[in-house]
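Every chain is numbered from 1, with letters handed out A, B, ... down the list of sequences.
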Amino acid sequence: METVAVIDFETTGMSPELGDRATEVAVVIVSDGKISSRYQSLMNTGAYIPPFIEDLTGISNEMIRQAPPAAQVMKELADFVGAAPWVAHNASFDSRFLDAEWSRMGHRREQAFACSMLLARRLYPDSPNHKLGTLVRFLGLPDTARHHRALADAEMTAHLWLRMVSDLKNRQGLDVVTHEFLRALQKVPKAKLPAYIAKFAHAA
DNA sequence: TGCCAGGCCCTCTTTAGGGCCTT
């Protein structure tokens, strides 16, 4: 299986367009069907973390004050990931924060994002909902039991990604499940999904 | 919890509204 970089941000809020900043980032590299390496760091942007976000993530303003500068962390992240394509749960969120933080240091993202949430909505329509934690329980995946911290959520997303690739191969009969294929699959209308998958499945 | 955004997706749709996801 090709290498992908699964990323998760903790932030001060929902919108970098409104001034929210990242507070923690984690990336796990998935290759050969397993997690092969990990990067995580708190990051100091100088931004204020509201109390309810402190409660949600356990990341406090005091912790951030002692964290390395955001530019240093983003540089380390870029070096760590290299040319691997991205994966995130609700990728529109993490991709906007990654692009915003990188743009501040003049760095531009080149690799595309695949979204585990859009794929899970298609592959597991019977899940009660498609929050990361719910999917982990629904599928019986390893639960890091520390939700809303970057590394724990990135690892859970990685296990979800591996499960989706495995299910497409073993249950749907696909021989090759690439990042590019899954990016296409996440955009296929749900009603057309069986026919789309059948086109690529090996002959019954 | 802090009232904000963006994108997807469904439906009582497309000249729109609201729920789901992410912090």
What does Asp20(A) touch in the nucleic acid at a heavy-atom separation under 4.0 angstrom: a base, only the sugar-phosphate, or nothing?
nothing
Could you state the CG-P distance from Leu119(A) to dT22(B), rounded to the nearest angstrom?
15 Å
Please work out if Asn129(A) contacts a base, only the sugar-phosphate, or nothing of the nucleic acid, heavy-atom cut-off 4.0 Å.
sugar-phosphate
Mapping Gly133(A) and Ser15(A) to their closest nucleotides on DNA chain B, which lands nearer the 5' end?
Ser15(A)
Across all chains, not counting sequence neighbours, the side chain to side chain contact (heavy atoms under 4.5 Å, CB included) partners of Phe52(A) are Pro50(A)
Pull out every protein N or O sitting under 3.5 Å from an N or O of nucleotides 7-11 of chain B, one pair per line with the distance.
unit_1: dC9(B); atom_1: OP1; unit_2: Arg122(A); atom_2: NH1; d: 2.5
unit_1: dC9(B); atom_1: OP1; unit_2: Arg122(A); atom_2: NH2; d: 2.2
unit_1: dC9(B); atom_1: OP2; unit_2: Arg122(A); atom_2: NH2; d: 3.4

How long is the line joining CD of Glu17(A) and C1' of dT23(B), in whole Å?
13 Å
Give the rounded distance in Å between these two atoms: CZ of Phe97(A) and P of dG6(B).
11 Å
Per Tyr48(A) side chain, nearest of listed nucleotides dT22(B), dG2(B), dT23(B):
dG2(B)
Measuring only the P atom in each nucleotide, how far is dC4(B) from dC10(B)? A whole number of Å is fine.
25 Å
How about Asp20(A) and Thr12(A): does a side-chain donor come under 3.5 Å of a side-chain acceptor?
yes
Test of understanding: with side chain to side chain contact (heavy atoms under 4.5 Å, CB included), list the residues that count as partners of Thr134(A), not counting sequence neighbours.
Ser127(A), Pro128(A), Asn129(A), Lys131(A), Arg137(A)
Roughly how many Å apart are dT15(B) and dG19(B), using the C1' atom of each and rounding to a whole number?
22 Å
Looking only at the side chain of His130(A) (C-beta and beyond, no hydrogens), which of the listed nucleotides dT23(B), dC21(B), dG6(B) gets closest?
dC21(B)
Pairwise C1' distance, dG18(B) and dC12(B) [rounded to whole Å]
12 Å
Which whole-number value in Å describes the distance from Leu18(A) CG to dC3(B) P?
13 Å
With a 6.0 Å cut-off (strictly less than), is the heavy-atom count around CD of Glu110(A), excluding the residue itself, greater than 12?
no
State plainly whether one hydrophobic cluster holds both Leu132(A) and Ile59(A), where clusters connect Ile, Leu, Val, Met, Phe, Trp and Tyr through side-chain heavy atoms under 4.5 angstrom apart.
no
Side-chain cluster (under 4.5 Å, hydrophobic types only) that Leu118(A) belongs to, other residues
Met117(A)
Arg149(A) atom CZ is separated from dT23(B) atom P, nearest whole Å, by 13 Å
Of the residues in residues 103-115 of chain A, which ones touch DNA chain B at a heavy-atom distance under 4.0 Å?
none
Think His148(A) has a side-chain N or O under 4.0 angstrom from the OP1 or OP2 of dT23(B)?
yes
Judged by atom type as modelled, is there a donor-acceptor pair below 3.5 Å linking the side chain of Arg163(A) to the main-chain atoms of Leu139(A)?
yes
Just checking Glu180(A): does its CD atom have more than 12 heavy atoms from other residues, nucleotides or ligands closer to it than 6.0 angstrom?
no
Taking the nucleotide of DNA chain B with the nearest heavy atom to each, does Asp153(A) or Ile49(A) sit closer to the 5' end?
Ile49(A)
Determine the Euclidean distance between corresponding C1' atoms of dC9(B) and dC3(B); express it in Å to zero decimal places.
25 Å
Provide the closest heavy-atom pair for Ala120(A) versus Met164(A) in the form atom of the first, atom of the second, distance.
N-SD, 3.8 Å
Over all strands shown, is Thr12(A) touching base, sugar-phosphate only, or nothing at heavy-atom distances under 4.0 angstrom?
nothing
Looking only at atom C1', what distance separates dC8(B) and dT14(B), rounded to whole Å?
16 Å
Angle class for the Phe200(A)/Phe181(A) ring planes (parallel below 30°, perpendicular above 60°, tilted otherwise)?
perpendicular
Considering every strand and a 4.0 Å limit on heavy-atom distances, what is the contact class for Phe9(A): base, sugar-phosphate, or nothing?
sugar-phosphate
Whole-angstrom distance between dG6(B) and dT23(B), as gauged at atom C1'
14 Å
Figure out the CD1/P separation between Ile53(A) and dT22(B), and round it to whole Å.
13 Å
Using the six-membered ring for Trp and the full ring for Phe, Tyr or His, decide whether Phe93(A) stacks on the six-membered base ring of dT22(B) (centres under 5.5 Å, planes under 30°).
no
Which residues satisfy the salt bridge (Lys or Arg N to Asp or Glu O under 4.0 Å) test with Glu10(A), sequence neighbours excluded?
none
